[in-house]
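Here it is: the structure, laid out below.
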2 protein chains.
Amino acid sequence: MLTDRQLMILQVIIDDFIESAKPVGSRALSKKDTLPYSAATIRNEMADLEELGFLEKTHTSSGRVPSEKGYRYYVDHLIGPEIYQHGLGIIERLTNNGIYEFEQIVQTAAEALSKLTNYTSIILGPEMFETTVKQIQVLALSDQSAVAILVTNTGHVEHRSFTLPKGVSSSDLEKLVNILNNRLQGIPLYRIPEVIQNEVASLMMKYMNGVDSSLNWIRTLFTQEQAVKLYFGGKANILMQPEFNDVDRIRSFYSLMEREDEIVNLLKNSNQGIKVSIGHENEVEEIKDLSLITASYHIGGGQMGTIALIGPTRMEYKKVLSLMESISKEMTGAMGKWYSDKS
Amino acid sequence: MLTDRQLMILQVIIDDFIESAKPVGSRALSKKDTLPYSAATIRNEMADLEELGFLEKTHTSSGRVPSEKGYRYYVDHLIGPEIYQHGLGIIERLTNNGIYEFEQIVQTAAEALSKLTNYTSIILGPEMFETTVKQIQVLALSDQSAVAILVTNTGHVEHRSFTLPKGVSSSDLEKLVNILNNRLQGIPLYRIPEVIQNEVASLMMKYMNGVDSSLNWIRTLFTQEQAVKLYFGGKANILMQPEFNDVDRIRSFYSLMEREDEIVNLLKNSNQGIKVSIGHENEVEEIKDLSLITASYHIGGGQMGTIALIGPTRMEYKKVLSLMESISKEMTGAMGKWYSDKS
DNA sequence: TGTTAGCACTCTCATGTTTTGAGTGCTAAA
DNA sequence: TTTAGCACTCAAAACATGAGAGTGCTAACA
């Protein structure tokens with residue numbers, strides 16, 4: 001195992017590199033008064049640490065740089081529990097006037113996170129699987145057009161405008177809304193198409209005329225692409241990092257950011273709690289030289305979303321980890337409040 | 001004025017430069033069979049065109065590059081009416097199942113525009129000044145929380161979740177909704193706060209108890225920050241352009257893209273029809289070396305939004321202009337359909 | 001036995017120099 | 001009026017050089 005001195009040196013090297021982004025040399029280290037050893041001694045220890053795989057050199061005579069293994073060790077063992085104080089209460093400030101807007105909370109959180117860290121943050125909206133229908137309303141806008149509104153038990157509002165098929169009267173519309181509410185209230189969103197097919201269809205046949213043509217549009221109406229929404233913060237922040245001094249690097253990063261489905265996958269399969277993926281621990285090619293930190297937040301009732309932060313492997317893990325922890329807690333807190341019982 | 005030959009040469013030079021992004025020299029030009037003159041002749045003409053300000057050299061012995069004046073002339077006089085065929089009908093394809101979702105249409109249009117051109121597109125949502133209230137609904141989610149929904153005559157749906165102040169019963173809520181609908185229907189959005197203050201308040205006093213504390217939250221509830229929404233397409237496209245080979249250039253561009261209010265201003269004050277701003281014709285520092293094309297689209301009733309495309313001054317104006325024209329028409333068409341009379 | 005000073009060596013980076021090639025302007029001939 | 005020819009210019013690529021920071025190793029030291 002590592003000696004105490006090696007641990008100490010490793011820690012100092014990583015801290016230094018995280019701050020400066022420049023390979024750290026033995027001489028410079030011994031000059032700082034953090035380490036009471038001569039350059040030569042430090043050199044020896046460095047050589048050992050390199051042999052063990054915690055450090056690397058960029059070329060034969062350069063200073064040392066932490067390896068991914070080094071960062072991993074640092075994250076797992078060398079970070080004390082440090083509480084990051086700033087930036088707490090952002091979400092509280094937003095909600096204490098009584099207005100909760102999901103989108104707004106999430107967007108604010110994403111922006112705060114990126115602003116406080118100078119990295120890029122991504123927040124994944126919650127899975128809606130367990131969300132159920134609270135109420136459905138259809139409102140005619142004109143003779144030919146109407147808007148359908150669906151409210152879920154979590155207070156989400158989905159809506160869609162559409163043109164009315166010919167021959168649908170306003171009383172038909174009323175009947176339809178009744179049937180829909182009758183059959184769909186309390187039903188989870190993902191079951192909507194099925195229930196429409198099996199139950200609503202026959203009822204419509206019974207009470208309304210000229211249904212055959214309309215049935216189809218009702219189905220499409222409520223079959224929303226169940227896309228999970230992504231919220232970004234500080235997409236441009238990453239450009240400030242010296243490791244993004246290369247145009248191709250930037251290109252590949254931004255092209256990934258546009259492939260939202262891939263990002264969703266990337267963030268989704270993170271378990272509970274906070275997870276750190278360093279460099280090649282990431283599956284996606286474009287971020288094999290970056291670190292990704294994910295944390296989950298919850299809306300009552302088990303649904304959850306993910307908060308993520310992307311930055312160079314040379315990331316301020318100490319700060320970031322405690323910050324992520326507190327923000328995910330805050331979000332869980334804020335969200336829980338407005339979640340209603342499944343009814 | 002310019003001779004025919006000068007016009008011809010200017011056109012060929014600009015076309016060539018737009019395609020290759022490299023300064024074009026006399027020899028290379030005379031080799032192409034577009035121009036039946038020798039290099040020397042072309043050189044003489046080029047010298048004249050430069051003196052007139054249509055061309056520039058990047059250094060004493062380089063090929064010529066179009067100046068902003070050159071592009072301006074090109075756009076104003078040298079582009080024939082060319083109809084760009086591809087990519088038409090994108091929006092129709094979206095709406096022919098009867099479902100119009102404003103956001104979706106606009107987002108699709110933005111993406112199509114950027115994909116077809118390889119530049120970055122921005123679409124400005126419509127001003128809502130003339131939009132009026134169609135209906136308001138408040139739906140309790142639980143004992144403490146509720147969601148308020150506002151539908152406009154154009155089919156826009158705004159919603160907000162909030163916690164109910166203590167002591168508000170469900171019958172209170174019902175009364176409230178009645179009062180709101182009674183007083184606010186047909187009222188333009190921007191007048192809502194005023195009407196609440198002047199008319200709704202007194203009615204609430206009369207028919208509900210414990211109002212004083214609640215009035216405030218109702219006001220905030222319906223005082224939405226009247227932000228115009230922006231839709232982006234192909235933010236990463238611009239990175240493919242050779243003029244973005246410099247990290248600082250990229251930084252400044254993306255930092256502008258994050259200052260949404262500035263972008264709104266930039267796009268807003270464009271008049272009807274299509275407008276091309278080349279390089280320094282733009283007011284904003286960050287795009288003084290880019291070209292910005294804006295076109296307006298309309299939702300019935302005079303409201304309008306803006307479609308914009310940002311690319312290098314070396315832009316494929318021919319293609320872009322006709323494309324913008326047809327997309328803005330398509331959008332106006334699609335939008336108009338679902339607009340209801342002001343009622 | 002662990003620590004340190006000293007020295008030769010290595011590699012990057014910044015700077016300076018040379019070469020090459022594309023392009024121009026001008027002159028004189030067609 | 002057009003074109004061929006030639007001297008000249010400049011940017012960019014290729015190459016050369018030196019300084020600086022860092023290493024590894026050896027030998028001396030506590």
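Predicted model only: the values in this text are computed from it and were never measured.
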Original post:
Can you tell me how far P of C:dT3 sits from CD of A:Q6, to the nearest Å?
Top reply: 11 Å

Original post:
Between A:D48 (CG) and C:dT3 (C1'), how many Å, whole number?
Top reply: 14 Å

Original post:
Hey, are B:E281 and B:R72 close enough for a salt bridge, meaning a charged N less than 4.0 Å from a carboxylate O?
Top reply: yes

Original post:
Can you tell if the side chain of A:Y317 reaches within under 4.5 Å of the side chain of A:I293, non-hydrogen atoms only?
Top reply: yes

**OP:** Salt-bridge test for A:K329 and A:E325: reply yes if a basic N is under 4.0 Å from a carboxylate O, no otherwise.
**Re:** yes

Subject >> Nearest heavy-atom neighbours spanning A:M315 and A:S291 >> reply: CE-O, 3.8 Å

Original post:
Can you tell which of C:dT10, C:dT12, D:dG24 lies closest to the side chain of A:K57?
Top reply: D:dG24

Original post:
Looking at five pairs on each end of the helix from C:dT1-D:dA30 to C:dA30-D:dT1, what is the angle between the two axes, given to 10 degrees?
Top reply: 20°

Original post:
Of the nucleotides C:dA22, C:dT10, D:dG24, which one has an atom closest to the side chain of B:S61?
Top reply: C:dA22

**OP:** Let me see the working for B:R64 and B:E45 under salt bridge (charged side-chain N to carboxylate O under 4.0 Å, His left out), right down to the final yes or no.
**Re:** CA-CA 11 Å; B:R64 300 303 206 295; B:E45 296 286 28; over 6 Å; no

Original post:
Does the ring center of A:Y74 lie less than 6.0 Å from the ring center of A:F54?
Top reply: no

Original post:
Between CG of B:L321 and CD1 of B:I79, what distance do you get to the nearest 0.5 Å?
Top reply: 5.0 Å

**OP:** Check whether any side-chain nitrogen or oxygen of B:R64 sits under 4.0 Å from OP1 or OP2 of C:dT24, and answer yes or no.
**Re:** yes

Original post:
Of the non-hydrogen atoms in A:K69 and A:L52, which two are nearest, and what is the gap between them?
Top reply: NZ-O, 2.8 Å

Original post:
Starting at CZ of A:R5 and ending at P of C:dT1, how long is that distance when rounded to a whole Å?
Top reply: 15 Å

Original post:
To the nearest angstrom, how far is B:N245 atom CG from D:dA11 atom C1'?
Top reply: 16 Å

Subject >> Close approaches to DNA chain C from residues 14-47 of chain B, in residue order (heavy atom, under 4.0 Å) >> reply: B:G25, B:S26, B:R43, B:M46

